[in-house]
Amino acid sequence: MRIYVCVKQVPDTSGKVAVNANGTLDRASMATITNPDDLAAVEAALKLKDETGAQVTVVSMGPPPAEGMLRECIAMGADDAVLISGREFGGSDTFATSQIIAGGLSNLGVGPEDIIFCGRQAIDGDTAQVGPQIAEKLNIPQVTYAAEIHKNGNTLTVKRLLEDGYMTVEVSTPCLITCVKELNQPRYMTVKGILECYKKPFTVLDYEALKDEPLIDPTTIGLKGSPTNIFRSFTPPQKGAGKMLQGSNEEMVKELAESLAKKHVI
Ligand SMILES: Cc1cc2nc3c(=O)[nH]c(=O)nc-3n(C[C@H](O)[C@H](O)[C@H](O)COP(=O)(O)OP(=O)(O)OC[C@H]3O[C@@H](n4cnc5c(N)ncnc54)[C@H](O)[C@@H]3O)c2cc1C
């Protein structure tokens, strides 16, 4: 059994967010981290590896510096890593991104017992579309928002986190599962893992390596293969200064209620 984990390197949006003069994100000046939901996905895979001895492969599509993040996943316990990287893949929207990752996974081989884990969403793009689209393109079932996962034979029981409760779903392999942060507490890298992470197998799949895959076609990848294009991006205007209410409690409550009613909030 092989478990693939799709991991994305993202700008650390909790730190300094820099915007270029043209309104685009200045990614170069921002620190990068592993997308938080993806760390939960790595931990879910490593837990299954501890239980079943499965092989865990971390996969990322991105520029060459994503190698550092993938090595960190190996230091946590993953067996090997695959970086899908090439100029032809740049500028992809979620349709093209999922097409390329599905093409890469297909090339690596998805067997009947295999599982693909993704995060629920990336904190930069924030679409939560890539995981479900990979599943569609590989023609396998998907379960999203996993907050608990148990494996029994060739089926997985997954507790999905909904807005107002949970839903438990049983799914057979091969399947794709998207994980939420609440699923677990990702383990730290081990010292042994750090020492060995440069000795473990690391594969780069470029356009040349993937061009014969049926999913990889110049019309379905990169900027040209993207049905959507970012037309404009901008920083939202700052909210106005807060207003302090004066007077007795009754007067303040009355004024607050009136101003909220005026704005149609209540
Ligand atoms: C130069 C550039 C141009 C772009 N142009 C466009 C554009 O024209 N139109 C547009 O809509 N978007 C564009 N994007 C944004 C791009 O669509 C998203 O970054 C990408 O598709 C992933 O979507 P997301 O971040 O919303 O991921 P989500 O769907 O929120 O991610 C869900 C999960 O999918 C997996 N995943 C997502 N991306 C990757 C990855 N790269 N490698 C491995 N796993 C991954 C992870 O497990 C992640 O947790 C552009 C991005 C760049 C860098």
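In each ligand, atom 1 is the first atom listed, and ligand 1 is the first ligand listed. Computed from a predicted model, the values in this text were never measured in an experiment. Scope of the values below: all heavy atoms of this structure, side chains included, with no hydrogens, waters or symmetry mates. Throughout, residue positions are numbered sequentially from 1 according to the sequence presented.
Atoms of ligand 1 lying under 4.0 Å from any heavy atom of D93, numbered from 1 in the order shown and given with element: 7 (C), 9 (N), 10 (C), 11 (O), 12 (N), 13 (C), 17 (O), 21 (O). Heavy-atom proximity to V7, at under 4.0 Å, picks out these atoms of ligand 1: 42 (N), 43 (C), 44 (N). Of all the atoms in ligand 1, the ones that sit under 4.0 Å from a non-hydrogen atom of N35 are 49 (O). Close approach of ligand 1 to V59 is summarised as follows: ligand atoms under 4.0 Å from at least one heavy atom of the residue are 43 (C). Residue D124 has at least one heavy-atom neighbour below 4.0 Å for each of these atoms of ligand 1: 25 (O). For ligand 1, the atoms sitting less than 4.0 Å from at least one non-hydrogen atom of Q129 are 29 (O), numbered in the order shown with element in parentheses. Of all atoms in ligand 1, numbered sequentially from 1 with element shown, those under 4.0 Å from a heavy atom of S60 are 42 (N), 43 (C).
Distances from ligand 1 to the non-hydrogen atoms of S92 include at least one value under 4.0 Å. Heavy atoms of S226 come nearer than 4.0 angstrom to ligand 1 in no pair at all. Residue contacts with ligand 1 do not include G62, since none of its heavy atoms lies under 4.0 Å from the ligand. Using a non-hydrogen distance threshold of 4.0 Å, R120 registers as a contact of ligand 1.
Taking each heavy atom of S172 and P141 in turn, the nearest pair found is O-CG, 3.8 Å. In plain terms, the two heavy atoms of C175 and I140 that are nearest each other are C-CD1, 3.7 Å.
Distances from atom 23 (O) of ligand 1 to the heavy atoms of D37, V130, I123, I116 show the closest one on V130. When the heavy atoms of I101, T127, T178 are ranked by distance to atom 26 (O) of ligand 1, first place goes to T127. Nearest to atom 28 (P) of ligand 1 by heavy-atom distance, out of S98, A128, C179, is A128.
For ligand 1, the polar-atom distance check finds an N/O of A122 within less than 3.5 Å of one of the ligand's N/O atoms.
Legend: residues meeting side-chain contact (heavy atoms from CB on, under 4.5 Å) with D217, ordered by chain and number and at least two apart, are T219, T220. Listed by chain and number, the residues in a side-chain hydrogen bond (donor to acceptor under 3.5 Å, both in side chains) with K137 are S98, Q99 (sequence neighbours excluded).
The closest side-chain heavy-atom distance from I134 to C6 is below 4.5 Å.
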